[in-house]
Each structure stands twice: as structure tokens, then as C-alpha cells.
Amino acid sequence: MIRTIRSALFYGGFTIWTLIWAIFSLAVAPLPLPARVWASRLWARTGVGWLHWSCGLRYRVSGLANIPATPCVIVANHQSALETLLFWCIFPQLSFVLKKELFRIPVIGWGLRLAWPIGIDRNGGREALLQVIEQGKLRLAAGFHVVIFPEGTRHPCGTVGPFSSTAAGLAIRAQVPLLPIAVNSGCFWSRTDWRKWPGVVEVHIGPALPPAGKAGSLNQQAHDWITAAIAEMGTRPAAKAL
């Protein structure tokens with residue numbers, strides 16, 4: 001019952017905050033890119049803070065020393081919407097590769113455009129891949145990390161799906177490191193239950209992989225590291241005790 005009340009409190013407050021921010025984003029949209037990025041970080045960091053206060057859900061990051069000093073391609077497993085907020089708390093400038101249908105969401109879609117994302121047609125095949133490479137190289141050259149969730153959809157706590165090689169292909173073509181990140185957010189923010197578990201979400205940042213060899217091999221290295229990291233995290237040990 002308490003978890004239901006706290007989760008409802010989170011959604012109520014976060015919805016109000018997002019609507020306020022989306023309207024604010026209309027004023028920010030004509031401003032230079034740094035101001036728009038700042039607005040995106042403000043939305044995400046406030047949301048994460050509200051999640052902590054309302055639901056008792058925190059996060060812990062390990063491997064910060066592995067983040068390259070220069071822009072890189074971030075490849076991460078995808079378990080919930082939470083990682084899209086958390087990454088804004090860790091990295092200063094991000095460009096997410098996301099499905100372009102999200103831009104059509106009233107109000108929220110306006111805000112999604114602020115931080116120079118890459119909107120693709122997930123059924124676009126090779127054309128979508130070329131778009132990510134072309135536009136991704138522009139973002140990387142401008143100092144942005146490009147974030148790609150190669151599973152294409154969310155997976156349950158403790159599992160990792162097959163990876164597309166898009167992130168590895170971009171890293172090789174742009175000659176920037178590929179940075180693997182593992183998150184267990186789905187153990188607390190489930191895709192099948194709107195209620196949130198209290199506890200600590202783990203964000204493990206792995207060693208940056210050099211952009212060498214073929215995309216398939218590089219992609220497999222990232223998949224293997226993330227799979228091993230997820231296995232080490234287990235399934236919601238903090239929440240089980242609450």
C-alpha cells in the first residue's frame with residue numbers, strides 16, 4: 001500500500017513538473033544549444049531527485065574513471081525509462097538515438113527535441129543506420145556523447161537482449177571509443193508494474209573499448225561486458241529487504 005501511494009506521488013509530481021518544463025522549453029528552444037542542453041539536464045536531474053524523495057529510489061555509479069576525456073559512443077542495456085534520466089545526471093552533453101515517433105507526443109515531444117537527439121525510424125533498416133552514423137558523427141564532433149540502446153526495447157530485470165551493431169558501427173566510423181554501461185533499473189522500475197521499488201539502482205560504467213576491428217566483434221565485446229555486469233548485480237537485493 002505504501003509503495004502504491006509513494007509511486008502515485010512520484011507520477012503526480014513528475015507529470016506536473018514535466019508539463020511546466022515542456023512549456024518552459026518553448027521559451028528555451030530558440031536559444032543556443034548550450035542553453036537547451038542545460039534545460040534538458042534540469043528536467044532530468046529534478047526528476048531523479050523527486051524519485052528519490054517520493055519513492056526512496058536512489059542510484060549509485062561505479063567506473064566514473066572509465067569515461068573518456070573526449071566524446072564517445074555510449075552503449076547501454078535498456079530496462080526502463082529511468083536510465084534516460086540518470087545519464088543526464090552523469091554526463092554533461094548527450095544526444096540520444098530514439099524513435100522519431102516520440103517527437104509527436106504532445107508537449108513532451110517539444111522538450112525531447114531540445115538537446116539535439118537523433119530521431120530514427122526503427123524499421124528503416126540500412127537507411128536508419130546510415131542516418132545514425134551521419135548525424136552521430138556531427139554530434140560527436142560538437143562534443144556530445146551519443147547514447148544508443150542497442151536492444152531496441154526494454155528488457156526485464158536480470159536479462160540482456162541481443163544487440164544491434166549500430167553503436168559499434170558509429171564508434172568505428174567516427175573513430176571514437178565505445179563505452180559500455182550496465183544498469184539494473186528494471187529491478188526497481190518495471191515495465192509491467194507502474195509502482196516503484198525503493199532501493200539503489202546500480203550504474204556500472206565499463207572500460208572504454210577502442211574503435212578497432214569489425215563492428216560485429218566490437219559489438220560482441222560490449223554485449224559480453226554488459227551481460228557479465230548485469231549477472232553480478234543480481235535481482236533487486238536492496239528492495240527485497242524492504
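Throughout, numbering of the chain's residues begins at 1 and tracks the sequence.
For the pair Thr18 (side chain) and Phe14 (backbone), a donor-acceptor distance under 3.5 Å is present. At least one donor-acceptor pair closer than 3.5 Å links the side chain of Lys196 to the backbone N or O of Trp194. Without hydrogens or angle criteria, Ser7 side chain to Arg3 main chain gives a donor-acceptor distance under 3.5 Å. Using modelled atom types, no side-chain atom of Glu202 and backbone atom of Ser62 make a donor-acceptor pair closer than 3.5 Å.
Here the rule is side chain to side chain donor-acceptor pair (under 3.5 Å) with His78, and of Glu151, Glu83, Arg154 only Glu83 fits it. Across Trp50, Trp21, Trp38, a single residue satisfies ring-ring contact (aromatic ring centres under 6.0 Å, His included) together with Trp43, and that is Trp21. Evaluated for a side chain to side chain contact (heavy atoms under 4.5 Å, CB included) with Leu86, the options Val61, Val203, Leu51 yield exactly one hit, Val203.
Shown here is Gln175, whose CD atom has more than 12 heavy atoms of other residues, nucleotides or ligands within 6.0 Å. Atom CZ of Arg173 sits in a sparse spot, with 12 or fewer heavy atoms from other residues, nucleotides or ligands closer than 6.0 Å. Counted within 6.0 Å of CD1 on Ile2, heavy atoms from surrounding residues, nucleotides or ligands total 12 or fewer; the atom is thus considered open.
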*Is there a side chain to side chain contact (heavy atoms under 4.5 Å, CB included) between Leu178 and Leu170 once you walk through the steps?*
CA-CA 9 Å; Leu178 182 67; Leu170 172 59; over 6 Å; no

*List the steps and the verdict of side chain to side chain contact (heavy atoms under 4.5 Å, CB included) for Glu134 and Leu130.*
CA-CA 6 Å; Glu134 179 182 350; Leu130 293 176; 6.0 Å; no

_Apply side chain to side chain contact (heavy atoms under 4.5 Å, CB included) to residues Leu98 and Ile120 and explain how you reach the verdict._
CA-CA 6 Å; Leu98 44 79; Ile120 64 169; over 6 Å; no

*asked:* Between Val97 and Val146, is the side chain to side chain contact (heavy atoms under 4.5 Å, CB included) condition met? List the steps.
replied: CA-CA 7 Å; Val97 176; Val146 176; 3.9 Å; yes

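The shortest distance between side-chain heavy atoms of Arg139 and Val73 does not fall below 4.5 Å. Using a 4.5 Å cut-off on side-chain heavy atoms (C-beta onward), Ile181 and Val75 make no contact. Looking at Val37 and Leu33, their side chains come closer than 4.5 Å, going by heavy atoms from C-beta outward. Counting heavy atoms from C-beta on, the side chains of Val132 and Ile148 come closer than 4.5 Å. Gln131 has its side chain within reach of Ile118: a pair of non-hydrogen atoms, C-beta onward, lies under 4.5 Å apart. In this structure the side chain of Pro177 never reaches within 4.5 angstrom of the side chain of Leu209, judged on heavy atoms. The shortest side-chain heavy-atom distance between Pro180 and Ile226 falls under the 4.5 Å cut-off. The side-chain heavy atoms of Asn77 and Ile230, taken from C-beta on, include a pair separated by under 4.5 Å.
In terms of hydrophobic clustering, with Ile, Leu, Val, Met, Phe, Trp and Tyr side chains grouped at heavy-atom distances under 4.5 Å, Tyr11 and Ile20 are assigned to different clusters. Residues Trp53 and Phe188 share a hydrophobic cluster, clusters being chains of Ile/Leu/Val/Met/Phe/Trp/Tyr side chains in contact below 4.5 Å. Taking hydrophobic clusters as Ile, Leu, Val, Met, Phe, Trp and Tyr residues chained together by side-chain heavy-atom distances below 4.5 Å, Trp17 shares a cluster with Leu82.
To the nearest 0.5 angstrom, Arg113 atom CZ is 11.5 Å from Ser25 atom OG. Note that CG of Leu85 is 11.0 Å distant from CD1 of Ile90, once rounded to the nearest 0.5 Å. Between Thr4 atom OG1 and Leu9 atom CG the span is 12.5 Å, to the nearest 0.5 Å. Rounded to the nearest 0.5 Å, atoms SG (Cys55) and CD1 (Ile5) are 11.5 Å apart. For the atom pair OG of Ser164 and CG of Leu129, the computed distance is 8.5 Å after rounding to the nearest 0.5 Å. How far OG of Ser95 is from CD of Gln135: 8.5 Å, rounded to the nearest 0.5 Å.
At a cut-off of 3.5 Å, with distance as the only test, no side-chain donor of His145 or Gln93 sits close to an acceptor on the other residue.
Using cut-offs of 30° and 60° for the angle between ring planes, the Phe149 and Phe87 rings count as parallel. Between Phe96 and Trp88, the ring planes are tilted. Angles from 30° to 60° get that label.
The minimum heavy-atom distance linking Cys72 with Leu179 is given by the pair SG-CB, 3.9 Å. Closest non-hydrogen pair, Pro71 versus Gly143, comes out as CG-CA, 3.6 Å. Here the closest heavy-atom approach between residue Ala35 and residue Val28 is recorded as O-CG1, 3.8 Å. Closest heavy-atom contact between Leu31 and Ala27: CG-O, 4.1 Å. Nearest heavy atoms, Gln79 versus Thr159: NE2-O, 3.8 Å. In terms of heavy atoms, Asn66 sits closest to Ala208 at O-CB, 4.1 Å.
For Phe10 and Trp189, the ring centers sit closer than 6.0 Å to each other.
With Trp116 as the aromatic partner, Arg36 does not meet the cation-pi criteria of under 6.0 angstrom to the ring centre and within 45 degrees of the ring axis.
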